[in-house]
Amino acid sequence: MPNRMTDQEMANEIWYWYLNGGNSAGFPTFLRLQMTALSGAFRLLPGKPRCIQCNAPLSGFGAAVVKPFGYGASVLTPKLCNSCEKVIFSAEGGAEVELTLLFADIRGSTSMAEQQGALEYRNFIQRFYKATSGTLIEHNALVNRLAGDQAIGLFVPRFAGANHAAVALQAAADILRLTGHADPQGPWAPVGIGVHTDTAYVGVVGSKGGVNEIAVLGNAANLTARLSSAAAAGELLVSEQAAALANLPREGLERRSLSLKGISKPVPVRVVTLAAPAPGMSGTIASDTKP
């Protein structure tokens with residue numbers, strides 16, 4: 001007789017399903033049957049988009065029908081409903097997954113806060129949060145955190161697809177564009193971005209009945225944070241791992257070797273900036289070439 005899964009093992013299987021997709025052999029049978037039944041019922045209702053797992057309609061007439069039953073869009077991604085999101089947050093586990101991380105930091109935010117009034121600075125930060133979170137969600141990232149002067153997006157295979165690095169780079173380019181880095185008068189928010197692809201542990205931290213949030217643990221998160229801190233305003237620093245997965249050209253991009261705090265070895269990166277707008281090419285990524 002096979003050994004019964006522990007609660008922790010079950011939670012970890014749920015997280016593996018959530019991040020990678022598909023139904024693993026260890027995915028709880030009761031949840032599989034529940035999702036199958038819900039999917040069949042929700043398929044009878046019109047509406048797009050739909051929850052990627054249970055098929056609940058998230059807009060239109062179908063969404064209005066299921067709303068009284070507590071179904072709505074997830075705050076993490078538009079591809080999931082809040083009911084499936086609750087399943088994830090109630091499972092206090094996690095899984096190792098290859099993903100691409102994007103950290104976007106405002107440069108000089110401390111000086112801005114000192115020079116501006118509290119309300120003015122709040123409005124500035126709110127504008128930054130809306131621009132970054134909207135872009136991350138549009139590109140199927142999980143919005144991991146909006147805190148202080150920083151926004152963090154997680155691009156996992158389940159939502160961003162197999163080439164999640166390329167999706168993350170396009171999201172980074174859009175963030176630079178939306179914060180004004182292609183404008184002749186300069187950006188309204190000077191932002192530096194780091195993008196890195198690696199394996200990390202992604203899961204929920206918190207307490208039963210308390211406030212839970214998604215955490216990314218491991219060297220991948222530390223390295224990405226250091227990259228974003230090292231990026232100048234308007235710069236996107238891309239690790240070699242992310243560059244390889246996204247098929248960035250080997251030539252034409254400036255290369256740097258960075259000594260980053262807390263990282264034992266120098267980190268090679270590609271330096272990317274937003275191109276000055278050209279006919280038909282507004283918002284494209286272009287190289288920051290050496291002089």
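No side-chain heavy atom of His196 sits under 4.5 Å from any side-chain heavy atom of Arg226. Contact of the Glu235 side chain with the Val271 side chain is registered, since non-hydrogen atoms from C-beta on lie closer than 4.5 Å. Using a 4.5 Å heavy-atom cutoff, the side chains of Asn140 and Val167 are not in contact. Inter-residue side-chain proximity for Leu45 and Asn55 is flagged as unmet; no heavy-atom pair is nearer than 4.5 Å. Counting heavy atoms from C-beta outward, Val238 and Val269 have side chains that stay 4.5 Å or more apart.
Looking only at distances, a side-chain donor or acceptor of Trp15 sits under 3.5 Å from a matching main-chain atom of Ala91. In this structure a side-chain-to-backbone donor-acceptor pair under 3.5 Å is present from His181 to Ala189. Tyr201 contributes a side-chain N or O that, together with a main-chain N or O of Gly94, makes up a donor-acceptor pair within less than 3.5 Å. Remark: side-chain polar atoms of Glu9 are paired, donor with acceptor, to backbone N or O of Thr6 under 3.5 angstrom. Arg256 contributes no side-chain N or O that, together with a main-chain N or O of Arg270, makes up a donor-acceptor pair within less than 3.5 Å. At least one donor-acceptor pair under 3.5 Å links the side chain of Ser239 to the backbone N or O of Ala242. Put simply, the side chain of Asn82 never gets that close to the backbone of Ala73: no donor and acceptor are under 3.5 Å apart. Side-chain atoms of Lys79 do not come within 3.5 Å of backbone N or O of Ile52 as any donor-acceptor pair. A donor-acceptor pair under 3.5 Å is absent between the side-chain atoms of Gln150 and the main chain of Ser228, judged by distance alone. In this structure, Ser39 contributes its side chain and Met35 its backbone to no donor-acceptor pair below 3.5 Å.
Ring planes of Tyr121 and Phe124: tilted class, angle from 30 to 60°.
For Arg50, there are no salt bridge (charged side-chain N to carboxylate O under 4.0 Å, His left out) partners two or more places apart in sequence or in a different chain.
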Exercise for the section: Test side-chain contact (heavy atoms from CB on, under 4.5 Å) on Leu142 and Leu136 and set out the steps. Expected result: CA-CA 7 Å; Leu142 301 179; Leu136 292 172; over 6 Å; no
Exercise for the section: Show your reasoning for whether side-chain contact (heavy atoms from CB on, under 4.5 Å) applies to Thr197 and Leu99. Expected result: CA-CA 6 Å; Thr197 299; Leu99 77 164; over 6 Å; no
Problem - Verdict with reasoning, Ile193 to Val195, per side-chain contact (heavy atoms from CB on, under 4.5 Å) - result: CA-CA 7 Å; Ile193 302 177; Val195 171; 4.1 Å; yes
Practice task
Check step by step if side-chain contact (heavy atoms from CB on, under 4.5 Å) holds for Cys81 and Cys54.
Solution key: CA-CA 8 Å; Cys81 74; Cys54 73; 3.6 Å; yes
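Tyr18 and Phe159 have their aromatic ring centers within a separation under 6.0 angstrom.
Put simply, OG on Ser109 and CG on Asp149 are 3.5 Å apart, with the number rounded to the nearest 0.5 Å.
In terms of heavy-atom proximity, Leu102 sits nearest to Ala168 at CD1-O, 3.5 Å. Taking each heavy atom of Trp188 and Leu178 in turn, the nearest pair found is NE1-O, 2.9 Å. Nearest heavy-atom pair across Val191 and Ala104 is CG1-CB, 4.1 Å. Leu258 and Ala230 make their closest contact through CD1-CB, 4.3 Å (heavy atoms, listed as atom of the first residue, atom of the second, distance).
Of the residues Val216, Leu223, Leu227, the one that meets the side-chain contact (heavy atoms from CB on, under 4.5 Å) test with Leu101 is Val216.
Residues Asp198 and Gln241 have side chains that never bring a donor and an acceptor to within less than 3.5 angstrom of each other. A side-chain N or O of Arg158 and one of Gln53 form a donor-acceptor pair less than 3.5 Å apart.
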